[in-house]
Amino acid sequence: MSVPADSAAVVRRFNERIAERGLKSTRQRDVIVETFFRLDRHISVEELLEAVRVDVPRIGFATVYRTMKLLVEYGFADARRFGDGQTRFDPKLRPDEQHDHLICVECRRVVEFNDPAIEARIAALTTELGAFALKRRVIELYVRCTNESCERRPAAHGEDIE
Ligand SMILES: [Zn+2]
Ligand SMILES: [Zn+2]
């Protein structure tokens, strides 16, 4: 399997982190992490499982689920829910990476953004309003596309795993 440099590097960094806790790397976990970063989108466990099974046909839901929990725990992914009850995992190459989302309520299209002005304003607010260290930031703008490419799709009713 050919893997872009970034996803191979992130697999190594992840394995270094979990090794500190005495967890050994496994081929199944490596394939899950590689696939997750190669696909690089907001993905549910079910969708990731399907993609990983191309390389490892007998991998189970629980293995993928546990790996995603580890990635979240170590700051390599965020668990997101965009208002339809489905948990999706959002890849992060660095634990301090932040971005925000704009979500179309009709077609469920998700657009990521990172606005330095918002960033600066949040940094200012955490000192203007008191002495705070920012732990988590969630900015989700629920919108409706105003072009013709917007097609209403039924919301996915996946298993809620948070
Ligand atoms: Zn995202
Ligand atoms: Zn739309």
Side-chain angles (χ1 to χ4, degrees), residues 1 3-18 29-55 61 63-126 132-162:
M1 184 169 97
V3 177
D6 268 354
S7 56
V10 84
V11 169
R12 273 200 306 279
R13 287 211 306 279
F14 174 65
N15 283 331
E16 280 164 20
R17 291 298 315 280
I18 64 172
R29 213 188 281 125
D30 287 355
V31 172
I32 294 165
V33 176
E34 270 167 9
T35 306
F36 176 59
F37 280 93
R38 181 165 44 82
L39 294 175
D40 191 23
R41 59 191 179 90
H42 307 99
I43 196 167
S44 68
V45 171
E46 289 85 353
E47 290 165 336
L48 185 56
L49 177 64
E50 203 175 301
V52 169
R53 277 186 171 157
V54 173
D55 293 304
F61 180 93
T63 306
V64 177
Y65 174 76
R66 280 197 305 267
T67 302
M68 295 319 295
K69 295 296 261 190
L70 279 174
L71 283 170
V72 170
E73 191 182 326
Y74 286 95
F76 291 93
D78 281 327
R80 311 269 192 196
R81 274 196 276 180
F82 296 130
D84 63 359
Q86 172 81 62
T87 299
R88 292 184 176 80
F89 292 90
D90 198 353
K92 286 160 73 170
L93 291 175
R94 299 184 320 275
D96 60 347
E97 184 187 315
Q98 299 251 36
H99 64 260
D100 301 306
H101 298 91
L102 188 147
I103 305 109
C104 174
V105 297
E106 299 288 352
C107 69
R108 315 304 307 184
R109 187 160 71 100
V110 177
V111 176
E112 296 186 338
F113 65 93
N114 209 324
D115 188 322
I118 293 175
E119 202 87 40
R121 190 67 200 120
I122 289 171
L125 276 173
T126 52
F132 300 109
L134 186 67
K135 299 295 286 177
R136 199 163 85 91
R137 170 184 103 190
V138 179
I139 299 175
E140 293 171 1
L141 307 179
Y142 288 87
V143 299
R144 186 167 284 130
C145 308
T146 54
N147 59 27
E148 285 171 11
S149 68
C150 184
E151 279 173 38
R152 182 185 257 283
R153 278 183 262 146
H157 290 288
E159 197 183 348
D160 197 7
I161 59 165
E162 256 187 331

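Ligands are counted one by one from 1 in listed order, and the atoms in each one are counted from 1 as well.
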Q: Need the atom name: nearest N/O/S atom of Glu112 to the Zn ion (ligand 1).
A: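 Result for Glu112 and the Zn ion (ligand 1): OE2.
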Q: Suppose we only allow N, O or S atoms; which atom of His42 ends up nearest to the Zn ion (ligand 1)?
A: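 The Zn ion (ligand 1) is closest to the His42 atom NE2, counting only N, O or S.
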Q: If I take the Zn ion (ligand 2) as the centre, what angle separates the SG atom of Cys145 from the SG atom of Cys104? Nearest 10 degrees is fine.
A: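 With the Zn ion (ligand 2) as the vertex, the angle is close to 100°.
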Q: Just to the nearest 10 degrees, tell me the angle at the Zn ion (ligand 2) spanned by Cys150 SG and Cys107 SG.
A: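 My answer is 110°, to the nearest 10°.
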Q: Nearest heavy-atom pair of Phe14 and Leu70: which atoms, and what distance?
A: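 Looks like CZ-CB, 3.8 Å.
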Q: Might you point out which heavy atoms bring Asp90 and Glu112 nearest each other, and give the distance in Å?
A: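 Asp90 and Glu112 have their closest heavy atoms at OD1-OE2, 3.4 Å.
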Q: One thing to verify: whether Glu119 and Arg137 come together as a salt bridge, which I'm taking to mean a side-chain N less than 4.0 angstrom from a carboxylate O.
A: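 Looking at Glu119 together with Arg137, the answer is yes, because their closest N to O distance falls below 4.0 Å.
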Q: For Ser7 versus Phe37, what's the shortest heavy-atom pair and its separation?
A: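 Distance-wise, the nearest heavy atoms are CB-CB, 3.5 Å.
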Q: Have a look at Asp90 and say which of its N, O or S atoms is nearest the Zn ion (ligand 1).
A: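 Per the distance ranking, Asp90 contributes OD2 as its closest N/O/S atom to the Zn ion (ligand 1).
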Q: Have a look at His42 and tell me which of Phe36, Phe89, Phe82 forms a ring pair (Phe, Tyr, Trp, His ring centres under 6.0 Å) with it.
A: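 Exactly one pass, corresponding to Phe82.
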Q: Would Asp78 count as a contact for the Zn ion (ligand 1), in the sense that one of its N, O or S atoms lies under 2.8 Å from it?
A: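 So Asp78 does not bind the Zn ion (ligand 1) by this criterion.
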